[in-house]
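Okay, structure first, notes after.
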Protein chains: 2
Amino acid sequence: MTPQEATRTQRIPLNRDRVLRAAVALADATGIDALSMRRLAQELGVVPMALYKHVANKEELLDGMVDAVVGEIDPPASGPDWQRVVRGRILSARRVLLRHPWAARVIESRTGPTPAVLAYLDSMAGSFRDGGLSADLTHHVMHAMGSRLLGFSQELFDASGPSGPPDPGLAARYPHIAELAATAAHDGGSTVGGGCDDQFEFEFTLDLLLDGFENLRRQGWTSARKA
Amino acid sequence: MTPQEATRTQRIPLNRDRVLRAAVALADATGIDALSMRRLAQELGVVPMALYKHVANKEELLDGMVDAVVGEIDPPASGPDWQRVVRGRILSARRVLLRHPWAARVIESRTGPTPAVLAYLDSMAGSFRDGGLSADLTHHVMHAMGSRLLGFSQELFDASGPSGPPDPGLAARYPHIAELAATAAHDGGSTVGGGCDDQFEFEFTLDLLLDGFENLRRQGWTSARKA
DNA sequence: ACCATAGGTGTACGGCGTACACTCGTCAAG
DNA sequence: CTTGACGAGTGTACGCCGTACACCTATGGT
């Protein structure tokens, strides 16, 4: 086999998707700390700088990996019981994050939410709204779920729009998020800026859990596992 | 001023505490990504390798920083109302983590819990026990709180003892944690190893929140802020 | 007066992300 | 068929990182 033939057969010319998939696979196999541009390039049989024709830099690579992983989460089921719908979706998200143990930390390390994350959050908010929760309640409920159960940390929400007037068209793409942002904006409570009252959100979740715990305590709750 | 005098006056010979405090201050001021051994050494007017006489490596430096920060959390107040006690303590922890925005991520990135974190968790568990919650319920409640509200992620708990028989003496130092570990061990449910049933803990929290949300919804809950 | 020791130094290595200039294969226009 | 633009992959190089290792030097106990 001549070198040219060898070259010709192995060229499958490498596109952004192949790069992202290889990156996810490498992170799954060897951990996120072992994922370097150089190592990834080697895995793809290519020189490190070749990757930069497909991703701008490592940050964008990580963004792409996050989107790939979040894209694995099942779409919401349909049904009349909103708790069932939300529960199933979140358990699907949890399964995805268990498949990619590095993902939760990477998601939390992103400075701004990526499109797939926004879409996921938007559709989740939609499930609450469809279940009959008010936009107001949905807003706080989303914050509460952000307390790790969604896999995403709190700050993710705030980062969505710190700059000036909201991008029109964003409301069209993510209607539920836009609705939540609106409710946050027009109840000009304790915060000065346009953002959410983080302190309120935190205490909302905290008190909800504490009351729940107290109820369980009063009922003499026990985990009742089959021993 | 001779060089010797200059040397003598500026020598405050640098100990582990000064290193840790400088590291925390540097991370507070410039962000955790800008905290490098070289930069920190420069801040202390010293050559990079000098730091290694006081911390074994960067991981241990980060451990030390975590302990320093967690040590800032107020001790639990005393009082008959356990919800008040826990609430106050957690809000203190939150204030600390807001003062050191890098800390939450660093804490979650540690592979094993540091002594101050263990002490904090132990004393928190003690507050629940003192409030009358059973050891069993306290166990799950701690997991639920670990869902970000404590500032620490879930996995922190599991890491506490994956290896063999538990260290005797640890039970003496952290009695409540030992108690929780015991309840986890002897209800040999769905898990094979000695650890917790993560799935159960996750769903426990999830269902608690969901039921809380549904109750709020039924009551037509509204955030009732003074507009 | 001696020397062990603890704290600080200097040099060096391998790995990282990536800027920049290049080569080379492909393909459309002349 | 020639040409030349262009996109994909290359090679070299820079500055940062953590840290191993050998060295110096002041201090304090004998």
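Every chain is numbered from 1, with letters handed out A, B, ... down the list of sequences.
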(request) Might you work through the side-chain hydrogen bond (donor to acceptor under 3.5 Å, both in side chains) test for S123(A) and R89(A), ending with a clear yes or no? (result) CA-CA 10 Å; S123(A) 124; R89(A) 192 93 193 287; 2.5 Å; yes
Gap between atoms [atom1] and [atom2], on [X] and [N] respectively (whole Å):
| X | N | atom1 | atom2 | answer |
| --- | --- | --- | --- | --- |
| L14(A) | dT10(D) | CG | C1' | 13 Å |
| L44(A) | dT10(D) | CG | C1' | 15 Å |
| D33(A) | dG17(C) | CG | P | 11 Å |
| K53(B) | dA26(D) | NZ | P | 16 Å |
| Q42(A) | dT10(D) | CD | C1' | 16 Å |

(message) On a heavy-atom basis, which atom in S78(B) and which in V85(B) lie closest, and how many Å separate them?
(response) C-CG2, 4.4 Å
(message) Using OP1 and OP2 only, check whether a side-chain N or O of H54(B) sits under 4.0 Å from dA6(C).
(response) no
(message) Checking D63(A) against R110(A) for the salt bridge (charged side-chain N to carboxylate O under 4.0 Å, His left out) test, could you report, in this order, the C-alpha distance in whole Å, the side-chain angles of both residues, the deciding distance, and whether it holds?
(response) CA-CA 7 Å; D63(A) 282 350; R110(A) 302 298 80 205; 3.2 Å; yes
Is there side-chain contact between [X] and [Y], with at least one heavy-atom pair below 4.5 Å?
| X | Y | answer |
| --- | --- | --- |
| K53(A) | L14(A) | no |
| L40(A) | L51(A) | yes |
| W102(A) | V24(A) | yes |

(request) Summarise protein proximity over nucleotides 13-20 of chain D in one line of letters, 5' to 3': B for base, S for sugar-phosphate only, - for none, counting protein heavy atoms closer than 4.0 Å. (result) B---BBBB
